[in-house]
Undergrad: 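Here it is, the structure in full.
Sequence lines set the chain letters: A, B, ... in the order given, protein chains first and strands last, and positions in each chain run from 1.
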Amino acid sequence: MIGLLTDFGIKDTYVAELKLVLLSHGIEQVLDISHHVKAGNPRHGQFLLQSVYKRFPAGTVFLGVVDPGVGTERAPVAVRFNGYWFVGPDNGLFSFAASGDVFHIDTEKPIFPNRVSETFHGRDIFAPAAAGIHNNLTRFLKKAEGLSVVAPIRFVEEITSLFCSEVLHIDGFGNVVTSVRNALLGRVILEVNGTIIANSHSTFAKGNEALFMVPGSKELIEIVAREGRASDMLSAVIGTEVEVRIK
Amino acid sequence: MIGLLTDFGIKDTYVAELKLVLLSHGIEQVLDISHHVKAGNPRHGQFLLQSVYKRFPAGTVFLGVVDPGVGTERAPVAVRFNGYWFVGPDNGLFSFAASGDVFHIDTEKPIFPNRVSETFHGRDIFAPAAAGIHNNLTRFLKKAEGLSVVAPIRFVEEITSLFCSEVLHIDGFGNVVTSVRNALLGRVILEVNGTIIANSHSTFAKGNEALFMVPGSKELIEIVAREGRASDMLSAVIGTEVEVRIK
Amino acid sequence: MIGLLTDFGIKDTYVAELKLVLLSHGIEQVLDISHHVKAGNPRHGQFLLQSVYKRFPAGTVFLGVVDPGVGTERAPVAVRFNGYWFVGPDNGLFSFAASGDVFHIDTEKPIFPNRVSETFHGRDIFAPAAAGIHNNLTRFLKKAEGLSVVAPIRFVEEITSLFCSEVLHIDGFGNVVTSVRNALLGRVILEVNGTIIANSHSTFAKGNEALFMVPGSKELIEIVAREGRASDMLSAVIGTEVEVRIK
């Protein structure tokens with residue numbers, strides 16, 4: 001199957017155009033992960049992909065397109081890692097898979113359209129490449145060395161080892177996903193833009209405070225609000241720094 | 001097949017995570033009803049589900065997750081009603097099915113993951129339960145008495161019997177769905193937040209007034225606007241009271 | 001297969017209701033093109049449909065519902081054109097296919113529900129008709145003459161032939177899709193609401209200017225912004241005039 005992650009949104013015809021390419025290669029089983037990665041932010045895309053890819057069946061090919069540099073010289077890549085394939089631009093989106101087998105995509109091969117557009121590589125390069133890999137037709141892959149990486153996401157696993165966290169994601173409810181592991185819940189105090197969050201509860205429903213911490217479903221502490229959106233109350237965006245202190 | 005109704009929105013990976021659980025149980029036929037139920041409002045979710053469930057094939061299992069109390073003691077339930085199954089939190093979302101067979105879900109059974117998260121029961125409890133029921137593997141169901149209900153939705157069927165209606169839904173065009181049955185169109189005057197709507201037409205296109213009534217596709221009178229969004233013009237939100245008077 | 005294009009948005013149950021009708025006729029292969037056509041704007045819908053339909057497999061039936069006049073006397077139509085079928089309201093949505101075979105839909109035939117709602121022809125007329133055509137059961141089609149058309153979209157192919165262009169679409173990134181063909185890139189200067197865009201680059205990443213032109217994936221020049229949304233910077237909306245001058 002193919003898993004799709006992009007920053008395209010769903011208002012345009014772009015997602016349909018990706019799916020039509022896959023369909024033209026006989027692939028019908030496609031699952032949308034999200035099309036709302038923060039526009040042009042491969043690191044945010046990386047976090048979302050990293051957080052769910054293991055839930056897919058082994059052998060899934062991920063078509064990931066978050067590509068602020070479309071049309072530049074950044075290589076189109078495919079990475080085999082942990083029994084999965086990741087296909088997209090070499091701009092850090094797949095940093096977490098940097099220890100995998102890296103291949104560049106040779107768009108001269110006949111699997112690609114004669115005319116590759118300069119602004120929609122998702123449709124003209126990455127979708128055909130993902131389809132080819134899915135169908136075990138991979139003559140367009142050329143072994144390469146190394147992958148471009150963005151600043152790695154450092155999960156706060158031990159309070160003694162690292163005291164600075166960040167906002168990795170803000171969900172549709174306004175919940176703020178930090179890089180601090182659930183295991184530290186109850187042992188830490190967080191500070192975001194001058195606001196201190198000291199209390200934690202095991203669930204949303206048990207908290208009375210305006211803002212508090214809960215253990216998130218991605219194994220990372222989330223800051224949530226009793227009423228309203230925590231992200232708005234904290235003026236937090238993806239990338240905002242979160243200070244972590246021992247309680 | 002499985003019908004999905006949540007308040008998750010589609011920007012996050014949550015919907016994909018539900019579908020991956022279903023897929024891991026071999027279920028591929030899934031239909032999204034809506035992921036934009038008003039956040040944390042089971043009564044709104046109930047209305048949408050109630051308005052469409054009969055259009056699904058007999059035997060459909062509905063996975064409904066609108067769950068402001070995730071992690072509290074509200075039971076996870078499954079209800080068999082009218083030839084359908086409804087699976088989700090026992091918080092009123094399925095009130096319309098209260099006369100059905102009610103079962104609690106025993107999450108000790110092996111169908112569930114070893115570690116159930118406290119904040120994402122949709123993925124860890126309700127999706128596996130819906131999959132189990134779909135596949136006729138239901139040993140985790142325990143007969144229970146009664147279902148939690150929210151204030152029932154009282155449809156205005158006869159102008160002599162009830163004079164107070166409410167806004168049940170606002171659609172993407174800003175059309176205001178009331179609880180007054182289409183059969184009363186032309187016989188009633190509505191008042192919303194001080195604005196009186198007296199005229200009605202059989203279709204949008206026939207109305208000239210700023211605001212007027214049309215017979216809605218859910219068999220309920222809708223207030224619509226010639227130009228702009230009726231909901232904005234009336235400052236109406238889900239739950240706003242609508243006074244009904246004889247014309 | 002069936003391709004879906006509407007202005008319904010995805011917050012309501014409307015799209016699910018269309019799909020359930022198709023499913024009830026045994027059709028499972030459905031692809032969403034977009035549900036975010038500008039509300040009530042058949043011409044915008046036409047542009048999006050026209051720009052992608054050829055990417056679908058031959059024989060695809062398109063169910064297009066952008067229908068400000070639902071319930072008026074505009075005919076329900078089906079058009080066979082270029083090996084595809086287009087089903088929807090006769091309001092200009094299919095103008096580009098006006099040279100095809102045009103049929104009116106006779107809703108007296110048993111394929112349609114006994115009671116057709118006056119406000120949701122998408123569900124009650126067009127979806128059953130699309131399903132019937134897909135399944136080669138077409139006794140409800142009656143040969144007709146001519147199709148309603150909206151002002152035709154005139155693509156600027158040659159700078160000598162036409163000097164006035166328009167904004168055909170604004171995508172989720174705020175990129176402004178004009179009606180000027182990519183082939184003219186580098187030879188023209190555009191003016192939108194008093195702002196002159198003179199420079200062009202082959203890709204987003206190569207531009208340094210606040211606003212510049214790139215060759216778009218729909219073969220039409222797009223105006224894009226180095227930072228921010230070009231559409232906001234130009235106060236451009238769908239339909240805004242674009243002046244084209246020789247460079």
Side-chain angles (χ1 to χ4, degrees), chain A residues 1 3-5 7 9-11 15 28-38 44-45 47-58 60 62 169-175 177 182 185 200-207 213-222 224-229, chain B residues 4 6-32 34-42 65-76 89-91 113-128 131 172:
Chain A
M1 88 177 293
L4 281 187
L5 183 90
D7 63 351
I10 59 147
K11 300 196 172 186
V15 173
E28 297 193 14
Q29 202 183 28
V30 177
L31 188 66
D32 298 299
I33 301 172
S34 173
H35 297 291
H36 291 86
V37 172
K38 196 170 139 68
H44 182 228
F47 169 66
L48 290 181
L49 190 52
Q50 183 173 11
S51 75
V52 299
Y53 81 88
K54 289 181 192 165
R55 297 183 180 276
F56 280 75
T60 295
F62 294 94
H169 179 61
I170 290 171
D171 79 7
F173 299 94
N175 299 331
V177 180
N182 281 346
L185 195 80
S200 61
H201 297 279
S202 59
T203 70
F204 298 109
K206 286 179 182 152
M213 293 175 256
V214 298
S217 66
K218 294 189 186 298
E219 300 301 314
L220 296 166
I221 291 176
E222 299 182 11
V224 301
R226 182 69 251 169
E227 288 175 13
R229 298 171 59 84
Chain B
L4 281 188
T6 76
D7 63 350
F8 294 167
I10 57 145
K11 299 198 173 186
D12 293 295
T13 63
Y14 301 144
V15 173
E17 293 183 65
L18 293 186
K19 291 180 180 174
L20 285 167
V21 172
L22 299 175
L23 201 65
S24 74
H25 289 265
I27 301 169
E28 297 193 14
Q29 201 184 28
V30 177
L31 187 66
D32 298 299
S34 173
H35 296 292
H36 291 86
V37 173
K38 196 170 140 68
N41 189 331
V65 190
V66 180
D67 196 14
V70 63
T72 57
E73 296 309 309
R74 59 105 193 87
D90 184 22
N91 62 11
N114 287 329
R115 275 181 62 241
V116 167
S117 74
E118 298 203 76
T119 47
F120 197 179
H121 287 182
R123 179 189 69 196
D124 296 341
I125 297 178
F126 301 125

Undergrad: Less than 4.5 Å to any heavy atom of chain B: does that hold for the side chain of A:Ile170, its backbone, both, or neither?
TA: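 It is the backbone, since no side chain atom gets that close.
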Undergrad: If I compare all heavy atoms of B:Lys11 with all of A:Ser34, which pair ends up nearest, and what's the gap?
TA: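 Looking at all heavy atoms of both residues, the shortest contact is O-OG, 2.7 Å.
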Undergrad: Using non-hydrogen atoms and a 4.5 Å limit, figure out which bit of B:Tyr14 sits close to chain A: side chain, backbone, both or neither.
TA: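 The side chain, not the backbone.
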Undergrad: If you measure from CG on A:Asn182 to OG1 on B:Thr119, what distance do you get to the nearest 0.5 Å?
TA: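 Reported to 0.5 Å precision, the distance equals 7.5 Å.
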Undergrad: Can you tell which part of A:Leu31 gets under 4.5 Å to a heavy atom of chain B, answering side chain, backbone, both or neither?
TA: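 The side chain, not the backbone.
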Undergrad: Just checking heavy atoms, which of residues 16-28 of chain B are less than 4.5 Å from chain A?
TA: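 If one takes a 4.5 Å heavy-atom cut-off, the residues of residues 16-28 of chain B near chain A are B:Ala16, B:Glu17, B:Lys19, B:Leu20, B:Leu23, B:Glu28.
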Undergrad: Between CG of A:Leu48 and CG of B:Asp12, what distance do you get to the nearest 0.5 Å?
TA: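 Result: 7.5 Å between the selected atoms.
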Undergrad: Which heavy atom of B:Thr13 sits nearest a heavy atom of A:Lys218, and at what distance?
TA: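 It is OG1-NZ, 2.7 Å.
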Undergrad: Between A:Asp171 and chain B, which part of the residue has a heavy atom less than 4.5 Å away: side chain, backbone, both or neither?
TA: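 Both parts, backbone and side chain.
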Undergrad: If you count heavy-atom pairs under 4.5 Å with chain B, which of A:Val224, A:Val37, A:Ile33 comes out on top?
TA: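 When all of A:Val224, A:Val37, A:Ile33 are compared, A:Ile33 has the most.
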Undergrad: Considering all heavy atoms of both residues, which atom of B:Pro68 and which atom of A:Ala205 are nearest to each other, and what is their separation?
TA: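 The pair with the smallest heavy-atom distance is O-CB, 4.2 Å.
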Undergrad: Heavy-atom distances under 4.5 Å only: say whether A:His169 touches chain B with side chain, backbone, both or neither.
TA: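 Looking at A:His169, just its side chain touches chain B.
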